[in-house]
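Here's the structure, in structure tokens; my notes come after.
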Amino acid sequence: MNILVTGGAGYIGSHTLIELIDREFENLFSIDNYLNSEESNYDKIEKITGRKINYFNIDLKDKEAIKSFFNKNTIDSVIHFAALKSVPESIDIPIECYQNNVGGLLNLVEAMQESNVNQLIFSSSCSIYGNPEKLPVNENTPFGKAESPYARSKQMGENILEDFCKVNKNFKVISLRYFNPAGAHKSGFIGEGYTKRPNNLVPLIAQTAVGLRDKLTVFGTDYSTKDGSCVRDYIHVVDVAQAHVKALDYFNKMKPNYDVINLGTGNGTTVLEIIKSFEKASGQKLNYELGKRRAGDVETIYADNSKAKKELHWDAKLTIYDMVSTAWKWQQNMEA
Ligand code: NAD
Ligand code: WQD
């Protein structure tokens with residue numbers, strides 16, 4: 001089976017390539033424009049697995065370049081990670097967000113259709129649920145109010161793919177809605193935060209601990225949660241990656257040709273609990289302050305992951321401690 005991973009040099013893409021190699025997928029291709037990653041990540045994947053990836057520097061905004069890729073290479077399935085993932089950046093530069101996340105998707109699907117490539121896994125996000133009324137959220141929970149262009153771009157991506165599947169019955173799409181991926185590969189060679197401007201909690205904690213930032217601010221301690229800080233469903237990136245391998249099997253048995261599946265652990269963890277776990281794993285005190293709420297933050301969200309368990313035969317195996325300890329190992333390696 002020949003698989004194309006878009007955004008394969010990025011955080012989740014690189015971990016997924018490793019899991020695909022572990023499951024002995026032979027012909028793996030990756031395209032990336034290295035906007036938020038480095039080409040040398042493929043060398044790190046080779047260092048971990050002993051296997052080379054066929055990789056190409058292609059921008060998904062360049063329709064002709066993608067078409068040319070599909071004309072020259074035989075691909076069975078595509079796992080589509082390439083996108084801009086920063087929520088604050090999407091508010092500052094919405095057009096770039098839509099060009100990459102929506103325009104890039106349109107170019108990809110058009111090129112796949114022309115080359116008769118009919119299986120696509122799409123990286124969606126729990127942000128499509130907005131601020132949910134009922135918890136945990138399952139796949140029937142309706143889209144909420146998008147809190148950012150980023151969240152809207154993922155809602156649009158899902159809508160486009162669903163519409164496309166309605167009229168192209170031989171085309172199969174699985175939208176995987178990730179909750180809060182965190183952690184790194186146990187080797188410490190790959191992880192999150194190449195850009196040095198991460199926005200997500202765990203890399204910010206690790207950067208603070210290593211001295212790249214003065215302190216971490218906890219955004220809000222007056223929420224109606226057990227310790228007043230927000231609750232999220234943090235999921236280890238390796239568990240997320242493994243779900244993609246399982247999703248490739250699901251193509252063979254899925255009934256509707258468009259389907260959505262939550263990828264979360266089913267458990268909520270507060271910001272302060274993440275900090276405590278990090279302090280335990282790193283053996284050092286984190287410099288943090290209790291601050292005001294961040295605009296647009298949801299108080300609590302976590303997944304009902306029963307569909308992933310039933311349909312993908314997948315479950316999250318790794319813990320919060322695994323997430324923070326591997327993130328810490330990766331951050332220390334980066335600074336070494
Ligand atoms: P990432 O930024 O580490 O990886 C994305 C990769 O895509 C990068 O290597 C980047 O260079 C590449 N890329 C971006 N635009 C491109 C373009 N136009 N052409 C070619 N390559 C391009 O992000 P990630 O954390 O690995 O996220 C992967 C996917 O999962 C994204 O679609 C993201 O929206 C989604 N997602 C991520 C999270 C998260 O918290 N990490 C949560 C939910 C969903
Ligand atoms: C987690 C918690 C913050 C930074 C975003 C996207 C979502 C998905 C995951 C892509 C929140 C708190 C954070 C800090 C803090 N990504 N925090 N101090 O906002 O849940 O979700 O990433 O699809 O779509 O919206 O993730 O990591 O930014 O925040 O207290 O310096 O950590 O308030 O409660 P979020 P996050």
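Because only heavy atoms are used, hydrogens play no part in the values below, and waters and symmetry mates are left out as well, while side chains stay in. If you read the sequence from its start, that first residue is 1, and numbering goes on from there. Ligands are counted one by one from 1 in listed order, and the atoms in each one are counted from 1 as well.
For ligand 1, the atoms closer than 4.0 angstrom to any heavy atom of Y34 are 11 (O). Of all atoms in ligand 1, numbered sequentially from 1 with element shown, those under 4.0 Å from a heavy atom of A82 are 7 (O), 13 (N), 21 (N), 22 (C). Distances below 4.0 Å separate heavy atoms of L60 from the following atoms of ligand 1: 17 (C), 18 (N), 19 (N), 20 (C). For ligand 1 and S123, the ligand atoms under 4.0 Å from any heavy atom of the residue are 29 (C), 30 (O), 32 (O), 35 (C).
Looking at atom 5 (C) of ligand 2, its nearest protein heavy atom turns out to be N200 ND2, 3.8 Å. Looking only at heavy atoms of the protein, atom 35 (P) of ligand 2 is closest to N180 ND2, 3.6 Å.
A distance of 6.0 Å or more separates the ring centres of H244 and Y250. Aromatic ring centroids of H15 and Y11 lie under 6.0 Å apart.
With a 4.0 Å cut-off on non-hydrogen atoms, T217 touches ligand 2 through its backbone and not its side chain. Of all the heavy atoms of V298, none lies under 4.0 Å from any atom of ligand 2, so neither backbone nor side chain is involved. Contact annotation: for N100 versus ligand 1, heavy atoms closer than 4.0 Å belong to the side chain alone.
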| task | Might you work through the ring pair (Phe, Tyr, Trp, His ring centres under 6.0 Å) test for Y302 and F179, ending with a clear yes or no? | result | CA-CA 7 Å; Y302 54 94; F179 278 65; 8.8 Å; no
| task | Would you please test E279 and Y288 for side-chain contact (heavy atoms from CB on, under 4.5 Å) and show each step? | result | CA-CA 11 Å; E279 287 181 331; Y288 68 92; 4.0 Å; yes
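Rounded to the nearest 0.5 angstrom, E24 CD and R51 CZ are separated by 8.5 Å.
The closest non-hydrogen atom to atom 1 (C) of ligand 2, taken over F219, Y234, Y288, comes from Y234. Between atom 28 (O) of ligand 2 and the options K154, R294, E299, E147, the minimum heavy-atom separation is to R294.
At least one heavy atom of K154 sits less than 4.0 Å from an atom of ligand 1. Judged by the shortest distance from any of its heavy atoms, I58 lies inside the 4.0 Å radius around the atoms of ligand 1. Heavy-atom separations between S124 and ligand 1 include at least one value shorter than 4.0 Å. Not a single heavy atom of G104 lies less than 4.0 angstrom from ligand 1. Put simply, part of Y150 is less than 4.0 Å from ligand 2, judged by heavy atoms.
On a distance-only criterion, D59 and ligand 1 share at least one N/O pair closer than 3.5 Å. Polar contact check, G10 against ligand 1: a nitrogen or oxygen pair lies under 3.5 Å apart. Distances between N or O atoms of E192 and those of ligand 1 include no value under 3.5 Å. Where the criterion is an N or O separation shorter than 3.5 Å, residue side chain and backbone included, I12 meets it with respect to ligand 1. Between L201 and ligand 2, an N or O atom pair is found at a separation short of 3.5 Å. Ligand 1 has an N or O atom lying under 3.5 Å from an N or O atom of L35, backbone or side chain. Residue-to-ligand polar distances keep F179 apart from ligand 1: every N/O pair is separated by 3.5 Å or more. Ligand 1 has a nitrogen or oxygen under 3.5 angstrom from a nitrogen or oxygen of N36.
Between the side chain of N262 and the backbone N or O of A303, no donor-acceptor pair lies under 3.5 Å. Panel note: side chain S277, backbone E273; no donor-acceptor pair is recorded below 3.5 Å.
For the residue pair S68/K72, the side-chain donor-acceptor check at 3.5 Å is satisfied.
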